Amino acid sequence: MESSSGPSVITNYPTIEPRGLRDRYIGTISEKDLGASVTVCGWVSKVREHGEHLVFIDVRDFSGIVQVVAHSSVELRAEYVVRVKGKVTRRPEGTENSSLDTGQVELTDSEIELLAQADPPPFSLTDRVEVDESTRLRFRYLDLRREKMQSNLRARARINSAIRASMERQGFTELETPLLWTPTPEGAREFVVPSRLNHGSSYVLPQSPQIAKQLLMVSGFDRYYQIARCLRDEDLRADRQFEFTQLDLEASFVSQDDVMEFISDAVMGASRAVGLEHVDPIGRITWRDAIDLYGVDKPDMRFGHTLIDVTDIFADTQVRALSAPCVKALVAPNPSELTRSKLDGLVDRAKALGAKGLLWLRVESKDGELTLDSPVAKFISDAESRELIAKVGAKAGSVILMVADEWQSACQVLGQLRLELGRKLADPNQFTYVWVVDFPLFEGMSEDGSLISAHHPFTMPNQDDFDKLESDPLSVRSQSYDLVLNGWELGSGSIRIHRSDIQARIFSLLGISTEEAKNRFGFLLEAFRFGAPPHGGFAFGIDRLTALLVGEDNIREVIAFPKTQSGSDLMTGAPKPLEKSSWDLLGLSVKPVSKNQI
RNA sequence: GGACCUGUGGUGCAGCUUGGAGUGCACGCCGGCCUGUCAAGCCGGAGGUCGCGGGUUCAAAUCCCGUCAGGUCCGCCA
């Protein structure tokens, strides 16, 4: 993806006082300095030798590049580290370089001091060619020297800074919570840290500071925040690493709307920090509408082509494939590209996504009438055809895609196709945040008949749905809310249950016995007996936010030292086998490692 | 656990469908030339276990099987 039009590498370098070996940062050199002698430090970016009497050396630091002119042969290569003292001189007329911030000037009469030599780098640090990611990760320190990675990570730092400023402004207190936490078997697989002093027992690394921050509310900290590392031993994806960073916050005596305002302020601050001046106010959509219109609970609302309910039209249809509780239609965003074989591919794709099938209908104009061309066209009545075309607003050349199934399945399949076909329509420079609210409290039923939490077991049900908890639990909405940006889930939060009677009802519905609850969360439940304030909070992923704001489609591009999809660090070689003595110290023995794992 | 894509001098690619000598392009590297370039230019050169293993074949970068690594996705991620 192209990087967005944020500010250049660093916005505030003119305010940094140069120290030590230099008296200037390269990016600050301009025509204002004509005649001045400056000393800069950096890496040789490029050497252009025109014989021994004229050599151009591009010297680079994080702030910019400047051309140094030498009139004798130099023993310099790319990535040598140098210190250059030279006179800022206007370039001869006609040789200015407008693509360089310092392109009007150059350093002449220069003294070049070699601070360190460098082997030729394994890949070019200046070309725009995409280098294989495994090579980049093996030499990550060099990859990070490239302008794009400098820009990404500095953007991330500005985002962190803006978030902290927002939190402090809103009266939040930054508190740290333990990394060595206690197992609470629930949700994500935890990273295990065996105890040396207590053989057979283990800490785990926290999936999030969830319980700790609720305890801080009991303690009366009122508003807590932390830019917290979270760790989950689950399979990796483009938007998921083992360890990731969240803005984690919790506040007492607040409503859902209050929490949403706190978070809005933080993400707006973060957006401004990367140079976005115009971000629309954050809209809201209910979970039900999100599924109904976009087929996902994290809608990308930068483009239309929402799903259309056509169940009524086919209530008495002859088309067997359409007799289902719900029929959803999508007007394809790219009808002209949809050849017969592409359409067949879409049918396969829909099936892979779990649909029983996918119907496609091409709208054609015959004698001024719109008709349908499709393998199933002859089974569709004229009335159905007319109503369908009118309802979805199809024109000649349109392609209508339809899935018939249970409501949620039909929506999800078609919603995924909407994304895959329409993604191109989304403006990469547009940032559309949206709150998804009114999530169901339970996401379904497990095999043993107990309900499954949609968020976590401490989520407060919606006040209006309390009396349906036992009678119709699946229809109960919760006081939880997600923040979505351009189709990515940034984070989620909820108002928590602070009353033990309500918590007991929820545990009972979730099939968690008193004994089990005590075992897992005993310390939290005990804490709640001593005066727990009503409270709620939120957490959003800073890796994801940063990636989106700088125009990356992969969070590894905003993490200094990420892991590969199989969880290894190509630079350090981690994870590595441990010596037997290390296992012994922990009171552990391990099965022999098979050869191909070494 | 599963599906798909990729793997060819240091880097990025082409070659693979239809087997015929490690063939080609661009960058980089080394040497030479070159006084206004900035993707510098010109000339010359070095550099390869075609990821690894097995199979088919007279012959494999190419076809088949397996495997490893990287990526995308499904499962998983309260």
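Quick note on labels: first sequence line is chain A, next is B, and so on, each numbered from 1. What you see is a predicted model, and the numbers here were worked out from it, not measured in a lab.
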### Task
Give a yes/no answer on whether the side chain of A:S134 brings an N or O atom under 4.0 Å of OP1 or OP2 in B:A69.
no

### Message
Keeping A:D143 on the side-chain end and A:R146 on the backbone end, is there a donor-acceptor pair under 3.5 Å?
### Response
no

### Query
Is A:A454 touching bases, backbone alone, or none of the nucleic acid, heavy atoms closer than 4.0 Å?
sugar-phosphate

### Task
Ignoring backbone atoms, establish whether A:R349 has a side-chain N or O less than 4.0 Å from OP1 or OP2 of B:C73.
no

### Query
Does OP1 or OP2 of B:G70 have a side-chain N or O of A:S566 closer than 4.0 Å?
yes

### Message
In whole Å, I'd like the distance from the CG atom of A:L100 to the C1' atom of B:U37.
### Response
12 Å

### Task
Nearest whole angstrom, please: distance from the C1' of B:C29 to the CG of A:D119.
12 Å

### Query
Using a cut-off of 4.0 Å on non-hydrogen atoms, how would the nucleic acid contact of A:S124 be classed: base, sugar-phosphate, or nothing?
nothing

#### Entry: OP1 or OP2 of B:G36 under 4.0 Å from side-chain N/O of A:N97
no

## Note on the structure
Atom CD of A:Q565 and atom C1' of B:C73 are separated, to the nearest Å, by 8 Å

### Query
Among B:C38, B:C29, B:C76, which nucleotide sits nearest the side chain of A:R189?
B:C76

### Query
Tell me, do A:P206 and A:C230 make a side-chain contact under 4.5 Å, heavy atoms counted?
no

### Minimum-distance nucleotide to A:N554 side chain [options: B:U72, B:C77, B:G36]
B:U72

### Query
Of the options A:L153, A:D543, A:T245, which is the one that meets A:I559 in a side chain to side chain contact (heavy atoms under 4.5 Å, CB included)?
A:D543

### Task
Kindly indicate whether the side chain of A:R91 and the base of B:C38 share any N or O donor-acceptor pair separated by less than 3.5 Å?
yes

### Task
Please give the nucleotide sitting opposite B:G28 as a Watson-Crick or G-U wobble pair, both distances under 3.5 Å, or none.
none

### Query
NA contact type, A:Q210, heavy-atom cut-off 4.0 Å: base, sugar-phosphate, or nothing?
base

### Message
What is the separation between atom CG on A:D132 and atom P on B:C13, rounded to the nearest whole Å?
### Response
8 Å

## Note on the structure
Comparing A:T95 with A:V129, nearest RNA chain B nucleotide closer to 5' gives the residue A:V129

### Query
Looking for any heavy atom pair under 4.0 Å, which part of the strands does A:E49 touch: base, sugar-phosphate only, or nothing?
base

### Query
Between A:P122 and A:F458, which is nearer to the 5' end of RNA chain B once each is assigned its nearest nucleotide?
A:P122

### Query
Can you tell me how far the CZ atom of A:R229 sits from the CD atom of A:Q241, to the nearest 0.5 Å?
10.5 Å

### Spacing of OG belonging to A:S478 relative to CZ belonging to A:F442, to within rounding of 0.5 Å
9.5 Å

### Task
Measure the distance from CD1 on A:I65 to P on B:U37 and round it to the nearest whole Å.
18 Å

### Message
Under 4.0 Å, heavy atoms only, any strand: does A:S568 hit a base, just the sugar-phosphate, or nothing?
### Response
sugar-phosphate

### Query
Can you check salt bridge (Lys or Arg N to Asp or Glu O under 4.0 Å) on A:K563 and A:E243, steps first, answer last?
CA-CA 9 Å; A:K563 307 279 188 291; A:E243 43 187 315; 3.8 Å; yes

### Message
Under 4.0 Å, counting only non-hydrogen atoms across every strand here, what does A:R237 touch: a base, just sugar-phosphate, or nothing?
### Response
base

### Task
Assign A:E93 to base, sugar-phosphate, or nothing according to its heavy-atom contacts below 4.0 angstrom with the strands shown.
nothing

### Message
Taking atom types as they are modelled, would you say the side chain of A:R232 forms a donor-acceptor pair with the base of B:C77 within the 3.5 Å cutoff?
### Response
no

### Query
What nucleic acid atoms does A:L570 come within less than 4.0 Å of, heavy atoms only: base, sugar-phosphate, or nothing?
sugar-phosphate

### Query
Within this structure, what is the CD-to-C1' distance between A:Q67 and B:A39, rounded to whole angstrom?
14 Å

### Query
Can we say A:K298 and A:E489 salt-bridge, meaning some charged N sits less than 4.0 Å from an Asp/Glu carboxylate O?
no

### Message
Any base atoms under 4.0 Å from A:S99, or only sugar-phosphate, or nothing? Heavy atoms, all strands.
### Response
nothing

### Query
If you look at every strand shown and take non-hydrogen atoms under 4.0 Å, does A:R556 touch a base, only sugar-phosphate, or nothing?
sugar-phosphate

### Euclidean distance for P, B:C50 against B:G9 (whole angstrom)
9 Å

#### Entry: Atom-to-atom span, CD of A:E106 to C1' of B:G36 - whole angstrom
8 Å

#### Entry: Interatomic spacing from CZ in A:R48 to CG in A:L54 - rounded to 0.5 Å
10.0 Å

### Query
Within the structure shown, what part of the strands sits under 4.0 Å from A:P92 by heavy-atom distance: base, sugar-phosphate, or nothing?
base

### Under 3.5 Å on both distances, the Watson-Crick or G-U partner of B:A69
B:U6

### Task
Kindly point out which of B:A39, B:U35, B:U11 is positioned nearest to the side chain of A:K46?
B:A39

### Query
To the nearest Å, how far apart are A:D235 CG and B:C77 C1'?
9 Å

### Task
Take atom C1' in B:G31 and the same atom in B:U17, then report the distance between them in whole Å.
42 Å

## Note on the structure
Side-chain atoms of A:T564 come closest, of B:G70, B:G36, B:U11, to B:G70

